[in-house]
There are 2 protein chains.
Amino acid sequence: MVEFSSNDIVVSLSAVIVSVENNRPRILILPSGDNKEYASLPSGPYSPESHRTLELGLKAWVKSRTGFDLGYVEQLYTFGNLFRSQTFEEKGLRLLTISYLALILPSGISGDYNACWQNYYDFFPWEDHRKERAASADKLLEELYDWADEASDRVRRLERLERIQFAFGGGRWDPDRLLFRYELLYEAALITEAVRDWNAWPKEERVKLPINRDNPGRLTCKVESGIPLMYDDRRILASAIGRLRGKLRYRPLVFELLPEKFTLLQIQNIVEAIDGVSLHKQNFRRLLLSGGLIKETGEMDRTSPGRPASLFTFRQSIHMERQNVQTWNGRN
Amino acid sequence: MVEFSSNDIVVSLSAVIVSVENNRPRILILPSGDNKEYASLPSGPYSPESHRTLELGLKAWVKSRTGFDLGYVEQLYTFGNLFRSQTFEEKGLRLLTISYLALILPSGISGDYNACWQNYYDFFPWEDHRKERAASADKLLEELYDWADEASDRVRRLERLERIQFAFGGGRWDPDRLLFRYELLYEAALITEAVRDWNAWPKEERVKLPINRDNPGRLTCKVESGIPLMYDDRRILASAIGRLRGKLRYRPLVFELLPEKFTLLQIQNIVEAIDGVSLHKQNFRRLLLSGGLIKETGEMDRTSPGRPASLFTFRQSIHMERQNVQTWNGRN
DNA sequence: ATATCTTATACTCAATTAGAGTATAAATGG
DNA sequence: CCATTTATACTCTAATTGAGTATAAGATAT
């Protein structure tokens, strides 16, 4: 048997906690302040002696940092590569981060905690296409084309163009590709963190960083590319939102974000907020009704103007995640 | 900042390495022997000082244990709960396992390595429905109904029945629910590991184990429920195969398991082997041809009897994972 | 009361896709 | 020539999707 030694590994648990209020998708962050330069996701170290499972560890940390009791929690990805967290690595430690996605109902934050809600489009301004294609998407696209032009040879240039096409969709805008877009923008040094990370490391290590832009210093604030976060927290956030968008399409996750009783428009608004696109109302309705996941309560919602809407509940019978594929592709 | 201490955590990397040969889906395992009671997945501890990334660490271990250079590798899930690995936990260590799925082309194993290929239906005999519904599926189903009857009250009994329905499909058999089925069988103590784990722990801890069968000792070999593996390796395997099945449906992963040039039947056979179901040949063909992922080479395959088949290659242009949803639901 | 605004809901229609099957083609070994 | 095997083309129907139009039922302004 091989000798196990892992004294130089630090395991941390990070949470992307999402809720939607007033058509705004929000996540919980711990703001920057004092000596902290960047805001960060709620997180804490995993300690086996106090936590029976990883998930319980995560919940305990989130509770202690934000006051929230998490319900629906899903593990996402474990990050462990080099060049993620300078402060740890300088001490010879490797940071291993297990990331989680959590969905909760909107609610306030007690004054005891230094956490706050923030619209996640503040971090990805190019992602919100609900009213119209986000302006910053086109600006970033221009910058990406410049970046493609800067490639050292023809093959590399074509490869960059192809990735740009895939990410920003010659044909259709695909909300699920959020992470792919983020990583492309990072590599093109259009994301603040890319430049920050590049500058932080000694010269001889720089080539190993995942930026291959020839002049990474040229990111200035002329392009709106969102608020940076600590370490690679924005990447973790991107992977979480990308996953959430994808999963929403084939699993009944929306109900985690809805009250006991809700109207069909409420569901649609939440899905649209998360996906950043507008949907065809009548078809969305048809899909929901045929899906068999919800049932009418008989009650009416009269809080909004216009004709009152039926209130629905979701069928409790579906404890199991229903595998029913539900798609809502009809754009508006 | 909170004090980080993780001297009591052991991080290991485990691989589920899949290839398909002669319509048999196989995984690489390290057989039991000497003082090892159970076979296990190839794995090794993560050591930050030698591995830049988790994935490189995994590849290095796999190379050293089996001689294989992995190509396509995908991270799956990180397991870290208590009661996973008695040997570690007795020493006060918590085992954290990051699991990976790898796909490779079929090839032999050099005599230098003590690894071997094994059909994965040996571990999940109830999962192969290609020729007909697996016989063991129905036998296990009967046992599960007994288990449901043993529930302490009516509500619990109904909940069990519902889960059984969902897993073994009143309506349709869903290959993707492999993990769900495995966990149900484990809980009903129809999986050898369940009984092993239950017996291994001191009495006062037993209630916390995820088995709530009233008499777990009654698993005998009267039901064929597959070969057990070390620790929770069979659970890891179940999650890997479940994920592979699901992902195969909407991502072009099959090509990792195919040679440069292939016939359409070869693709179909691989998909059928992995999914454990039979598909409608003509419709499968139509789907592949309309998908735009493959192109004809002009050459013919004459190695099999019958009319020769066209040889295809997959379009190299698609570096990016194509998001094209390809479904093959037409059963035979 | 009536017009107007707003949202909900019902219904239509064409285009596409899925599921299942029939028919024919091109090879092989007797 | 035959049967046998696999490949491939084509048909047909039922669903599903994407995009509309039409109508209903409230609140509010005039």
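Chain letters run A, B, ... following the sequence lines, proteins first, then strands; residues in each count from 1.
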- Message: Under a 4.0 Å threshold between the charged nitrogen and the carboxylate oxygen, would B/Asp301 count as salt-bridged to B/Lys261?
- Response: no
- Item | Stepwise salt bridge (Lys or Arg N to Asp or Glu O under 4.0 Å) test for B/Glu74 and B/Arg251 | CA-CA 13 Å; B/Glu74 179 192 354; B/Arg251 289 289 165 84; over 6 Å; no
- Task: Measure from CD on B/Gln268 to C1' on D/dT8 and round the result to the nearest Å.
- Result: 13 Å
- Closest approach of B/Trp117 and B/Ile17, non-hydrogen atoms and distance? CZ3-O, 3.7 Å
- Do A/Arg26 and A/Ser19 have side-chain atoms, one donor and one acceptor, less than 3.5 Å apart? yes
- Message: Could you tell me how far apart A/Glu296 (CD) and C/dA8 (C1') are, to the nearest whole angstrom?
- Response: 11 Å
- Would you please confirm or rule out a distance under 4.0 Å between OP1 or OP2 of C/dT9 and any side-chain N or O of A/Ser310? yes
- Counting N and O atoms only, with roles assigned by atom type, does the side chain of A/Gln266 sit under 3.5 Å from a partner on the main chain of A/Thr263, one being a donor and the other an acceptor? yes
- C/dA8 P sits how many Å from A/Phe262 CZ, rounded? 14 Å
- Note on the structure: To the nearest angstrom, the CG-C1' distance between B/Leu311 and D/dA7 comes to 12 Å
- Message: Let's go through A/Val16 and A/Leu244 carefully: what are the C-alpha distance in whole Å and the side-chain angles of both, what is the deciding distance for side chain to side chain contact (heavy atoms under 4.5 Å, CB included) to 0.1 Å, and is it a yes or a no?
- Response: CA-CA 10 Å; A/Val16 174; A/Leu244 173 58; over 6 Å; no
- Could you tell me the separation between the CZ atom of B/Arg285 and the P atom of C/dA18, rounded to a whole number of Å? 17 Å
- Message: So, does B/Arg286 get its side chain near the phosphate of C/dG19, meaning an N or O under 4.0 Å from OP1 or OP2?
- Response: no
- Message: What's the closest nucleotide to the side chain of B/Ala309 if the choices are D/dA7, C/dT9, D/dA19?
- Response: D/dA7
- Item | Nearest non-hydrogen partners of A/Pro106 and A/Val20, listed with the distance | CG-O, 3.5 Å
- Find out whether the Lys NZ or Arg CZ of B/Arg234 is both under 6.0 angstrom from the six-membered ring centre of B/Tyr182 and within 45° of the ring's axis. no
- Would you mind reading off the distance between A/Ile267 atom CD1 and C/dA8 atom P, rounded to a whole angstrom? 12 Å
- Note on the structure: Rounded to 10°, the angle between the first-five-pair and last-five-pair axes of the helix from C/dA1-D/dT30 to C/dG30-D/dC1 is 10°
- Message: So, does A/Lys281 get its side chain near the phosphate of C/dT9, meaning an N or O under 4.0 Å from OP1 or OP2?
- Response: no
- Under 4.0 Å protein heavy-atom contact, by nucleotide of nucleotides 22-27 of chain C - B base, S sugar-phosphate only: B--BBB
- Item | Parallel, tilted or perpendicular, as decided by the 30° and 60° cut-offs, for the rings of B/Phe166 and B/Phe180 | perpendicular
- Message: Measure CG/B/Asn283 against P/D/dA14 and give the value in whole Å, please.
- Response: 16 Å
- Query: To the nearest angstrom, how far is B/Leu287 atom CG from C/dA20 atom P?
  - Reply: 14 Å
